[in-house]
Amino acid sequence: MSWVAAHSIDRKGVALAMRQNICSPARPDDALMTRGSLCLDLSLNESRPSGDLLLLERTIKDPEDWPLLLRVKRNLGRGITLTLCQPGCQLEHRIIAGTAPSTESDAARLIYSWDSLLRWGRLALMTGSGGNIATVEISSPPPLRVRDAKTLLSLLPATAEVCGLRAVSLNSDIVPLTPLAGLIPETKIATPDGETSLGQLRRGDLVLTPEGDAVPVLHRIDRRVPATGHDAPMRLRAPFFGLTEDLLLAPQQRLVISGTDVDYLFGRPDVRLTAEMLQGTAVAAPTTVALHSRPDGPCPLIELTQLILPRHQRFIAAGTAVESLYLGRLRRKRSAYEASALSHLDRNTLPEHAMDPAPLLRSFDAAVLAERRIA
């Protein structure tokens, strides 16, 4: 599996292009990608307008060329439409994300995968951290020309950012839907035998919860992905929120915060927040992962890891409580399970999870809590 291109839009709306020659080693622009995946990280906040997230429209100018329309459009609400038209092919498929609880994040990941030789394709949309997946099967998708892939990723439509696009990347293989949460493998995790690096934990190893219970690791999910969009790493500074060392993690990774100030402000013993909510506060610091690269250089990649625990328990990472990976009832939904990064695991070994009872804060409330801790 090879990541070959990415284009990210940072939080200030500045385009950060990270492109290498498509399909390294370099292939001619007219070469066909008969297999691949187009991955979009976006926000499905229903207040955003409808409009194009990706658009490539070509009319006949060269007698040896052919007309093409490839559009990924955000609809009002939580729906997305893929349109692909060229001579002999007219495809239009709509996918709708499940209704998210009002207290949950609106982060989402959309992946369009195709294998033209097998006449198979799939549109998959994940919301939440990884347990809510919708899929649509696509019959006989056409291949994508290398030149068109370059154009598609480098020239984003003017409506892309306002409609919620955070990043788009291209892979030369079929990519499963990966979780939106994660920590770097070097993160120190509390176990009954002391601290252990997250990347060294194996199935059956015990980790400690904030309550002091020892629970077994069912699975560890590892992924190597472009450091863009929902996987653009953030650094949280120690000693805030009980951290014993700086913590490098994905923006959508959730922390669980408790204390007398939490009880006073929110009337609950503990609350949840995503790392992204702390952006702009003194708790968050710039990462050491370079998000800028030469136009012809490789896409910067990052390794992220998460744990699957029996009952979606929290565990202690670098001194603070974080959520384990939430699966809901994913194992009961065959198409969603097969589209996920867990498809290589035996479904019988996957647990069913209830949602963490602690409320997820709004960004403003998370920032207020952070500033109180800093003061």
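Numbering starts at 1 and runs along the sequence shown. Scope of the values below: all heavy atoms of this structure, side chains included, with no hydrogens, waters or symmetry mates.
Using a 4.0 Å cut-off between charged nitrogen and carboxylate oxygen, D205 and R202 do not count as a salt-bridge pair. Ionic pairing of K188 and E245 is not present here: no N-O contact between side-chain nitrogen and carboxylate oxygen is shorter than 4.0 angstrom. Salt bridge absent: R314 and E323 never bring a charged side-chain N and a carboxylate O closer than 4.0 Å. Taking 4.0 Å as the cut-off between side-chain N and carboxylate O, D52 and K73 do not count as a salt-bridged pair. The existence of a salt bridge linking D263 and R268 is excluded, since no basic side-chain nitrogen approaches an acidic carboxylate oxygen closer than 4.0 Å. Salt-bridge annotation for K150 and D148: absent, with no side-chain N of the basic residue lying under 4.0 Å from a carboxylate O of the acidic one.
The minimum heavy-atom distance between A149 and L170, with the atom names listed, is CB-CD2, 3.8 Å. Residues L91 and P141 approach most closely at CD1-CA, 4.0 Å, considering heavy atoms. In plain terms, the two heavy atoms of T159 and G51 that are nearest each other are OG1-C, 4.0 Å. Shortest non-hydrogen contact noted between L325 and P179 is CD1-CB, 3.6 Å.
For the residue pair S113 / S37, a side-chain donor-acceptor distance below 3.5 Å is found, with atom types taken as modelled. A side-chain donor-acceptor contact under 3.5 Å links T178 and R109.
Shown are L110, V136, N132, I96; of these, the side-chain contact (heavy atoms from CB on, under 4.5 Å) with L125 is made only by L110.
Listed by first and then second residue, the ring pair (Phe, Tyr, Trp, His ring centres under 6.0 Å) pairs involving residues 233-279 amount to none (not counting sequence neighbours).
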Can you list the steps and then say if L236 with L249 is a side-chain contact (heavy atoms from CB on, under 4.5 Å)?
CA-CA 8 Å; L236 301 186; L249 70 176; 3.8 Å; yes

Applying side-chain contact (heavy atoms from CB on, under 4.5 Å) to R254 and L273, what does each step give before you reach the verdict?
CA-CA 5 Å; R254 295 174 183 174; L273 55 87; over 6 Å; no

What verdict does the side-chain contact (heavy atoms from CB on, under 4.5 Å) test give for I308 and V217, after you've listed the backbone C-alpha separation in whole Å, the side-chain angles of each residue and the deciding distance to 0.1 Å?
CA-CA 6 Å; I308 299 177; V217 174; over 6 Å; no

Side chain to side chain donor-acceptor pair (under 3.5 Å) between T81 and N75, worked out
CA-CA 7 Å; T81 300; N75 305 315; 2.9 Å; yes

Using the rule given for side-chain contact (heavy atoms from CB on, under 4.5 Å), can you reason through L183 versus L247, listing the C-alpha separation, both sets of side-chain angles and the distance that settles it, and then say yes or no?
CA-CA 8 Å; L183 307 111; L247 185 62; 3.7 Å; yes

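R237 contributes no side-chain N or O that, together with a main-chain N or O of A284, makes up a donor-acceptor pair within less than 3.5 Å. For the pair R74 (side chain) and G77 (backbone), a donor-acceptor distance under 3.5 Å is present. Within the 3.5 Å criterion, the main-chain N or O of A108 finds a donor-acceptor partner in the side chain of H230.
Side-chain atoms of V168 and C39, non-hydrogen and from C-beta on, never get closer than 4.5 Å to each other. Side-chain contact check for I189 versus S197: every heavy-atom pair is 4.5 Å or farther apart.
Linking Ile, Leu, Val, Met, Phe, Trp and Tyr whenever their side-chain heavy atoms come within less than 4.5 Å puts V72 and M33 in one cluster.
Contacts of H312 classified as ring-ring contact (aromatic ring centres under 6.0 Å, His included), with partners at least two apart in sequence or in another chain: Y326, H353. Remark: R331 pairs with E352 by the salt bridge (Lys or Arg N to Asp or Glu O under 4.0 Å) rule, at least two apart or across chains.
Dense packing is recorded around CZ of R203, with more than 12 heavy atoms of other residues, nucleotides or ligands lying under 6.0 Å away. By the 6.0 Å contact criterion, CZ on R35 is enclosed, its count of non-hydrogen atoms from other residues, nucleotides or ligands being greater than 12.
Annotation: cation-pi geometry satisfied between R347 and Y337 (NZ/CZ under 6.0 angstrom from ring centroid, within 45° of ring axis).
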